[in-house]
Amino acid sequence: MPLSLSSVTLPAVIFSSSALSILLPVGTGCLIGYATKPSKTKKTYNALKQPPLRPPPWVFAPVWTALYGLMGYASYRVTRIGLSSASPTIRAITMSSQTLYTGQLALNFLWMPLFFGLKRPVSALVDIVALVGCVGALAWQWKEVDMVSALCLLPYLSWLCFATYITAGVGYLNKWDIEGAVSKFPKQ
């Protein structure tokens, strides 16, 4: 049986509910954050050589919570507006964007386990570069349906670009070996 776009898209009930649209990325992001063991993640982060401009560890949770909430709201808004459009083109773009949104969420949620769980900075860098491309394409699609929804992605896209810089910088400065860098750090 061939794979259809609808089979890799979040269920319509998610997109049709503002609460579910917001809670899904926020809740899943929190679960992944806790699953990667915050104390180990913080230890790893502090043990790594960092590029200039790196934020302190406490910044990540509030920033990601806000970004997840904003992207969730935007996904709800663009779906509500796009699927109620009289234009078949706008409805088709909206449906296509739901699949792209689902894909970018998957890439987003994969980064932390790749970087901190598996300690694979090259894989995490490939993931985040693909994620930036997906979010850029998503914003482009959403601007055809609702400019406000597209603009809601700009803080997320900006943060992802910064995170790409941090990912590449940490990888390079640690010779692409996070495990080795962490093992050199004194036990606490």
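Nothing here was measured: the structure is a model prediction, and the numbers come from that model.
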Check side chain to side chain contact (heavy atoms under 4.5 Å, CB included) between Ser87 and all other residues, then give those that pass, not counting sequence neighbours. Ser85, Thr89, Ile90
For a quick test of reading the model, state the closest non-hydrogen atom pair linking Gly82 to Arg91 and the distance between them. O-CG, 3.3 Å
For the CH2 atom on Trp140, are there more than 12 heavy atoms of other groups (residues, nucleotides or ligands in this structure) within a distance under 6.0 Å? no
Any residue meeting ring pair (Phe, Tyr, Trp, His ring centres under 6.0 Å) with Tyr68, in chain and number order, not counting sequence neighbours: Trp64, Phe109
Do the side chains of Thr9 and Phe15 get nearer than 4.5 Å, heavy atoms only? yes
Tyr156/Trp159 aromatic ring centres below 6.0 Å: no
Cluster question for you: counting only ILVMFWY and a side-chain heavy-atom cut-off of under 4.5 Å, with indirect links fine, are Leu131 and Leu70 together? no
Do you know the tightest heavy-atom contact between Val8 and Thr99? CG2-CG2, 3.8 Å
Using a side-chain heavy atom cutoff under 4.5 Å and only I, L, V, M, F, W and Y, what cluster partners does Leu110 have? Leu114, Leu118
Please determine whether the number of non-hydrogen atoms from other residues, nucleotides or ligands lying under 6.0 Å from atom CZ of Arg120 exceeds 12. no
All heavy atoms of Val26 vs all of Gly69, minimum pair found to be CG2-N, 3.6 Å
Which atom names give the shortest non-hydrogen contact between Thr167 and Ile128, and what distance separates them? OG1-CD1, 4.3 Å
So, do Ser96 and Ile93 sit near enough that their side-chain heavy atoms are less than 4.5 Å apart? no
With sequence neighbours excluded, tell me which residues meet ring pair (Phe, Tyr, Trp, His ring centres under 6.0 Å) with Tyr172. none
Using 0.5 Å steps for rounding, measure from the CD atom of Gln50 to the CG atom of Leu173. 8.5 Å
Would you mind reporting whether Val170 and Tyr45 have side-chain heavy atoms less than 4.5 Å apart? no
Can you list the residues that meet the ring pair (Phe, Tyr, Trp, His ring centres under 6.0 Å) rule with Phe116, with sequence neighbours excluded? Trp111
How about Tyr101 and Leu10: do any of their side-chain heavy atoms sit closer than 4.5 Å? yes
Quick one: list whatever passes side chain to side chain contact (heavy atoms under 4.5 Å, CB included) with Lys175, sequence neighbours left out. none
